[in-house]
Amino acid sequence: MATLFTRIINGEIPAEIVYQDEHCVAFKDINPQAPVHILIVTRQEIPGLADLPEDGDHKFLLNAAKKIAEQMGLAGGYRLVINQGLDAGQTVDHLHVHLLGGRPMNWPPG
Ligand code: AMP
């Protein structure tokens with residue numbers, strides 16, 4: 001069965017898409033934790049970072065994040081987050097990067 005994010009990518013569930021390329025699609029998080037909160041989702045259904053093949057070329061995720069941050073005007077900075085597994089609070093088992101910005105970020109994240 002397709003994941004929630006694949007259904008968004010396929011247009012079956014609405015989302016505000018802000019970027020896409022051959023490897024990933026990015027859309028606004030439905031429950032934003034910052035003024036800018038974008039999810040960058042792999043087109044391929046990979047459950048999480050722990051399942052990412054080590055021999056693949058995955059720089060597209062960082063390149064997409066950089067481009068979207070520029071597009072969103074986040075010149076002051078931003079944060080990228082990948083929640084992997086239960087301890088990190090991952091709720092959707094489809095690899096995605098959170099791009100958060102538009103407010104100061106605390107460190108440590110808690
Ligand atoms: P994670 O907890 O890291 O797996 O992140 C999953 C994210 O998906 C959460 O921040 C949710 O708010 C977000 N989310 C869940 N359903 C949707 C949806 N239909 N459209 C956009 N974002 C969603």
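Start at 1 and go down the list; that is how both ligands and their atoms are numbered. Note that the coordinates shown come from a computational prediction; the quantities given were computed from them, not determined experimentally.
Residues Asp29 and Ile38 fail the side-chain proximity criterion, which asks for heavy atoms closer than 4.5 Å.
Under the side chain to side chain donor-acceptor pair (under 3.5 Å) criterion, Glu12 pairs with Arg7, sequence neighbours left out. Not counting sequence neighbours, the partners of Lys28 by the salt bridge (Lys or Arg N to Asp or Glu O under 4.0 Å) test are Glu16. Checked against side chain to side chain donor-acceptor pair (under 3.5 Å), Asp21 has the following partners two or more places apart in sequence or in another chain: Tyr19.
Within 4.0 Å of ligand 1, the residues that place a heavy atom are Leu4, Phe5, Ile8, Phe27, Lys28, Asp29, Ile30, Asn31, Leu39, Asn83, Gly89, Gln90, Thr91, Val92, His96, His98, listed by chain and number.
Residues Asn83 and Gly89 approach most closely at CB-C, 4.4 Å, considering heavy atoms.
Leu62 and Val41 fall into different hydrophobic clusters, where Ile, Leu, Val, Met, Phe, Trp and Tyr side chains are chained together by heavy-atom contacts under 4.5 Å.
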